[in-house]
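Below is one structure, written out as structure tokens; the observations come after it.
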Amino acid sequence: MSVQVWTYIMVGLTFSIYIGIAIWSKAKSTKEFYVAGGGVSPWANGMATAADWMSAASFISMAGLISFMGYDGSVYLMGWTGGYVLLALLLAPYLRKFGKFTVPDFIGDRYYSKTARIVAVVCTLLVSFTYVSGQMRGVGVVFSRFLQVDITTGVIIGMIIVLFYAVMGGMKGITYTQVAQYCVLIFAFMVPAIFISFQMTGNVIPQLGMGGTLDNGTYLLDALDGLSTELGFHEYTTGSKSMIDVFAISLALMVGTAGLPHVIVRFFTVKRVKDARKSAGIALLLIAILYTTAPAVAVFSRINLINTVSEQPYKEMPSWFSNWEDTGLLKFEDKNQDGVIQYVADAQINELTVDRDIMVLANPEIANLPAWVIALVAAGGLAAALSTAAGLLLVISSAVSHDLIKKVVKPHLTEKEELWYARLASVFAVLVAAYFGINPPGFVAAVVALAFGLAASSFFPAIVLGVFYKKMSKEGAISGMVVGILLMCFYILKFKFGFFDGGLEAVAGLTTEWWFDISPEGFGSVAMLVNFIVAIGVHWIVKKPAPEEIQQLVETIRIPSGVNKPSNH
């Protein structure tokens, strides 16, 4: 069977499973809609968290980024993985013990202010819409190549599926759908990695294969370094980024992770604080399977691409090349009219443009793997994108229905009315997400990295101070969040999109005027520090500590479960 037939089978089968789970787990109350009833087991929650966490950026784009950036791409591995550890150890148990539905719920109650809640809702929407636009681009990329439809149609199909199980099942439906999606995406990522590792090095473990040798006895990474320098690229195993930018990006991704509302809400779905800790550990182990494999996939795909296209006649390119050309994500321009592909670092000579987001998806085709493996990767890419998109859409709908309408605009809503508003907000969120998927602001991982910067600059300081500084006042927290998110938005608009005085150079990514030599992807760490400084500074200027009952509440959530309880003996 052809790749397309296999793809229809794989995608149709997995989508049927997702829809079936949504029907089985339909939410009947607001608690089931927002936090799956609060009774999810640690293993199920760990798998759902891993699927929620490993978005299209992890599955599709991260290995593609590393394949082009080499050593510099390690910042994404360090930042995203380290951030999850930070979240699991520092914040998740305390937030679970606080027992609220959403991050704005925590901030609104902890800082005893409707204004704080509204600011948190606005920040949630900014972070979530930025993040979800990357997921929808991933959906469009997969559909446009493997189902032979244009990106717009692909995004619409993906949105209809997500809308169905997000609106019907809420967090309950999403949780159990994400368990299935984790199984699909991890299997889809590992199978081709194992195939290619064995094909290239004779080792079936990709992590070890990356450090193995080729048939001629040359180490794989040495061969890639040689190929890279021959074509004018910098050595794959050496970095070109400044140390300050590497540090800033890693830190922004770490603290951004600990402030992501769609990840934090997962810890509200389990019964006990102990289960939150346990599910965090399980999720970390499940995430590590993909994250330790991604660098190997990046190396394999880069070598295969260079060996396949460099100095080769265009007319002799295999079918996968023309298939990806049809999507517009792979472009050949014969500048010297000799019919041979020149793939080099020099932009004046280079004739091949490769979108980073196709590397993982095209890798099985380049390696000439069986059609069913190629189709499996397509199904895995969709699972990764849709699982995170669903979580984000739920966060958006709960921020609007629960935190804005129920808590601020119409406090006397019945549960049935609130559930109706939540589903209506999901429809609105899907429409906005579809627009961003059709008109994305960049490649998947770059867009997602900006979302982490927004989360770092807004939520992380407010949550940390809310948990560990019991006297922290609402004035300080609100000021810090507003200044942090505005500073981050300004920096993104200036240096990523050419607003203000950035000009066309910034649009093209050529600007050398970054503040402190820190890229937009890393500036969240600076905005986060400014948030802390402003929050604490305003708190000390105002000199109005949190009310005594709030301080007692904070003390309570910091006390481990079981302490000061009477003994049974």
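- Minimum heavy-atom separation, Tyr111 to Gly466: OH-N, 3.0 Å.
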**Q.** Verdict with reasoning, Trp540 to Tyr469, per ring-ring contact (aromatic ring centres under 6.0 Å, His included)
**A.** CA-CA 13 Å; Trp540 282 105; Tyr469 186 21; 7.1 Å; no

Q: Dump the intermediate steps for side-chain contact (heavy atoms from CB on, under 4.5 Å) on Val430 and Ile160, then the final yes or no.
A: CA-CA 8 Å; Val430 162; Ile160 290 171; over 6 Å; no

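- Within the 6.0 Å centre-distance limit, the rings of Tyr94 and Phe468 are counted as a close aromatic pair.
- Listed by first then second residue, pairs satisfying side chain to side chain donor-acceptor pair (under 3.5 Å) with a partner in residues 543-555 read Lys470-Glu555, not counting sequence neighbours.
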Q | Step-by-step side-chain contact (heavy atoms from CB on, under 4.5 Å) determination, Tyr76 to Met69 | A | CA-CA 11 Å; Tyr76 292 93; Met69 297 174 66; 4.2 Å; yes

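- Taken to the nearest 0.5 Å, the CE atom of Met54 stands 9.0 Å off from the CE atom of Met62.
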Q | Test side-chain contact (heavy atoms from CB on, under 4.5 Å) applied to Ile518 and Ile244, step by step | A | CA-CA 7 Å; Ile518 295 175; Ile244 183 68; 4.0 Å; yes

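- For Thr293, the side chain to side chain contact (heavy atoms under 4.5 Å, CB included) partners are Phe189, Met190, Ala193, Pro206, Gln207, Val297, not counting sequence neighbours.
- Residues meeting the ring pair (Phe, Tyr, Trp, His ring centres under 6.0 Å) test with Tyr421, sequence neighbours left out: none.
- When all heavy atoms are compared, the tightest approach of Pro295 to Thr292 is CD-O, 3.6 Å.
- Residues Arg110 and Leu465 share a closest heavy-atom pair of NH2-O, 3.9 Å.
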With a 3.5 Å cut-off and sequence neighbours excluded, list the donor-acceptor pairs that the side chains of residues 528-538 form with protein atoms.
from, atom 1, to, atom 2, distance (Å)
Asn531, ND2, Ser457, O, 2.7
Asn531, ND2, Ser458, O, 3.3
Asn531, ND2, Gly480, O, 3.2

Q: Take Met488 and Val526, measure what side-chain contact (heavy atoms from CB on, under 4.5 Å) needs, and give me the verdict at the end.
A: CA-CA 9 Å; Met488 186 63 197; Val526 177; over 6 Å; no

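- Using cut-offs of 30° and 60° on the angle between ring planes, the pair Trp80 and Phe452 is tilted.
- Residue pairs meeting the salt bridge (charged side-chain N to carboxylate O under 4.0 Å, His left out) criterion with at least one member in residues 242-259, sequence neighbours excluded: Lys241-Asp245.
- Ser242 is linked by a side-chain hydrogen bond (donor to acceptor under 3.5 Å, both in side chains) to Asp517, counting only residues two or more places apart in sequence or in another chain.
- For Phe187, the CZ atom counts as loosely surrounded, since its 6.0 Å shell holds 12 or fewer non-hydrogen atoms of other residues, nucleotides or ligands.
- A side-chain contact (heavy atoms from CB on, under 4.5 Å) with Ile478 is found for exactly one of Ile118, Val483, Ile107, Thr115, namely Thr115.
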